[in-house]
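This report concerns only the one structure given below.
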Amino acid sequence: MHPASELGAFLKSRRARVTPERAGLPVLDRRRVAGLRREEVAGLAGVSAVYYTRLEQGRARNPSGAVLDALARALRLDPTERAHLYDLAHRAPAGRRAGGTPAGGRPSPVTAPDGTGAGVRAGAPEEARVRDGLRRLLAAVGAVPAYVLDPAMTVLAANPLGHALLGGPPVRAAGGPPEAPADAPAGGGPAGGPSREADRRPPLNLARHVFLDGVARELYPGWADVARQTVAFLRLAAGRRPGDAGPARIVAELSRRSEDFRHLWAAQEVREKSYGAKRFRHPVVGAFDLTYETLALPGDEGWSLVVFTAPDEHADAALRLLGSWTAEYRAEPAAEPPGR
């Protein structure tokens, strides 16, 4: 969709959400639809009704920062929605540079729920995607699940516990170091080192996993909320990085293949998830809750590091059990292929 059309669709969706009572307007007649009328939003924002209509219809370009601020106030946008409004208008809001970096130079935290995608920026060399320092960092936090995500919610690298959390055991490699399974994130080698075999295979995408993998509905007892968070984050990432082909590619695929995704995408929700909690029902260790923190990584790729921790003794025991199971599985030698 053209950026101007995206901006118009977002404005229309937010307008429908604000009631006259919430905006402090009197209700003098019977209304056919919920939410504010265009002329009411225009009046609250101090712009002409004709101009606001052109914005919603995608026929007005480059609204000023003052207009965007006024619309954000009129539509009662929260900070994440306000930033998304600016992203769609291709203007960095005050205190934040384009691409999500605050004026002080420190990247703003971004998070992703669980999703999947094609996810490398156009022109980025495949072999240069994840530097060795990041792999060593993942290995250093090996007592808890951790992985690196790109804006399309593709898992670019994960430690063994991070992959096991998502439901897949590491593959045993006979006569050599254990390697990641075919659908595992890159970087499943020992001590966080690169795994050549894993790097040749497509990485796991969490958005695709949530909407197209039936196992996800078992793994996440709160699947409906995870799905909403996934779509809201993906829309935020797509608006923040309009030149990145990864989010657009996964959105196009899921729009074709998942009715649930199409329904949630049409809601125009955006959500920043820099920390929070998630419930799992793991096939090996059962049900438990984890908290997570998401940290933006240096560079302009839009990557983030997601680290899960145990908030209570039950979750800590579950992670220790999952770690023991993972270590045992990786330590066992693989069966010799027939004919050897």
Side-chain angles (χ1 to χ4, degrees), residues 109-120 129-130 134 138 144-168 180-188 198 201-238 240-241 244-255 257-258 260-261 264-265 269-283 290-297 301-308:
V110 291
T111 296
D114 293 293
T116 56
V120 197
R129 293 201 319 185
V130 179
L134 282 180
L138 289 171
V144 294
Y147 46 74
V148 175
L149 289 177
D150 73 2
M153 301 187 69
T154 299
V155 179
L156 300 177
N159 61 13
L161 201 53
H163 178 68
L165 180 66
L166 299 177
D183 64 343
R201 292 163 174 169
L204 174 71
N205 179 278
L206 292 180
R208 190 181 294 119
H209 162 67
V210 168
F211 286 97
L212 302 182
D213 186 353
V215 173
R217 294 178 186 258
E218 297 296 325
L219 182 62
Y220 308 114
W223 180 89
D225 190 51
V226 170
R228 283 192 297 271
Q229 292 178 25
T230 299
V231 174
F233 175 79
L234 200 55
R235 180 175 283 283
L236 186 67
R240 179 176 286 157
R241 304 178 63 82
D244 194 329
R249 196 178 301 128
I250 192 64
V251 167
E253 177 188 350
L254 293 178
S255 294
R257 301 179 62 185
S258 171
D260 289 324
F261 181 87
L264 290 170
W265 186 258
E269 294 294 331
V270 290
R271 187 180 303 186
E272 184 80 273
K273 292 286 290 181
S274 53
Y275 61 91
K278 183 172 290 185
R279 171 159 294 183
F280 295 85
R281 187 189 295 118
H282 197 275
L290 295 179
T291 55
Y292 63 85
E293 298 285 338
T294 303
L295 307 174
L297 294 172
E301 300 92 346
W303 295 355
S304 54
L305 173 66
V306 182
V307 181
F308 290 87

Margin query: Show the nearest heavy-atom pair for residues Arg235 and Trp265, with the distance to one decimal.
Written below: NH2-O, 2.7 Å
Checklist line | Close side-chain approach of Met153 and Thr230, heavy atoms under 4.5 Å | finding: yes
Next item on the list: Mind checking the CZ-CG spacing from Arg249 to Asp244? Nearest 0.5 Å is all I need.
Entry: 8.5 Å
Next item on the list: Can you measure from OH (Tyr147) to CG (Leu204) and round to the nearest 0.5 angstrom?
Entry: 9.0 Å
Next item on the list: Report yes if the side chains of Leu149 and Val306 come closer than 4.5 Å at any heavy-atom pair, otherwise no.
Entry: yes
Check: Looking at residues at least two apart in the chain, or sitting in another chain, which of them share a side chain to side chain donor-acceptor pair (under 3.5 Å) with Thr291?
Finding: Thr309
Check: What pair of heavy atoms forms the shortest contact from Val307 to Ala146, and how long is it?
Finding: CG2-CB, 4.1 Å
Item checked: Partners passing side chain to side chain donor-acceptor pair (under 3.5 Å) against Arg281 (at least two apart in sequence or in another chain) -> none
Checklist line | Phe261 side chain near Val251 side chain, heavy-atom distance below 4.5 Å | finding: yes
Check: Taking only residues two or more places apart in sequence or in another chain, which ones pass side chain to side chain contact (heavy atoms under 4.5 Å, CB included) with Arg228?
Finding: Ala224, Asp225, Leu264
Checklist line | Leu305 vs Thr294 side-chain heavy atoms within contact, under 4.5 Å | finding: no
Notebook entry, point to check: Looking at side-chain heavy atoms only, is the closest gap between Glu272 and Leu236 below 4.5 Å?
Noted result: yes
Notebook entry, point to check: Is any NZ, NE, NH1 or NH2 atom of the basic residue among Glu301 and Arg241 found under 4.0 Å from an Asp or Glu carboxylate oxygen of the other?
Noted result: no
Notebook entry, point to check: Who passes side chain to side chain contact (heavy atoms under 4.5 Å, CB included) against Asp260, sequence neighbours left out?
Noted result: Phe211, Arg217, Trp223, Ser258
Next item on the list: Using modelled atom types only, decide if a donor and an acceptor are shared between the side chain of Asn159 and the backbone of Val144 within a distance under 3.5 Å.
Entry: yes
Margin query: Testing the basics here: between Leu165 and Leu219, what is the closest heavy-atom pair and its distance to 0.1 Å?
Written below: O-CD1, 3.8 Å
Item checked: Gap separating the CG atom of Leu295 from the OG atom of Ser304, nearest 0.5 angstrom -> 8.5 Å
Notebook entry, point to check: Just wondering, do Val148 and Val155 contact through their side chains at under 4.5 Å, heavy atoms?
Noted result: no
Margin query: Check for me whether Lys278 meets the cation-pi criterion with Phe308, that is, NZ or CZ under 6.0 Å from the six-membered ring centre and within 45 degrees of the ring axis.
Written below: no
Margin query: Give me the atom names and distance for the closest heavy-atom approach of Ala237 to Pro151.
Written below: CB-O, 3.5 Å
Item checked: Between Tyr220 and His209, ring centroids under 6.0 Å -> yes
Check: When you check the gap from the basic side-chain N to the acidic O, do Glu253 and Arg257 get nearer than 4.0 Å?
Finding: yes
Note to self: Show me the pairs that pass salt bridge (Lys or Arg N to Asp or Glu O under 4.0 Å) and involve residues 154-166, at least two apart or across chains.
What the structure shows: none
Item checked: Heavy-atom pair with the smallest gap, counting every atom of Ala152 and Pro247 -> CB-N, 3.7 Å
Item checked: Approximate separation, where rounding is to 0.5 Å, of Tyr275 OH and Glu293 CD -> 8.5 Å
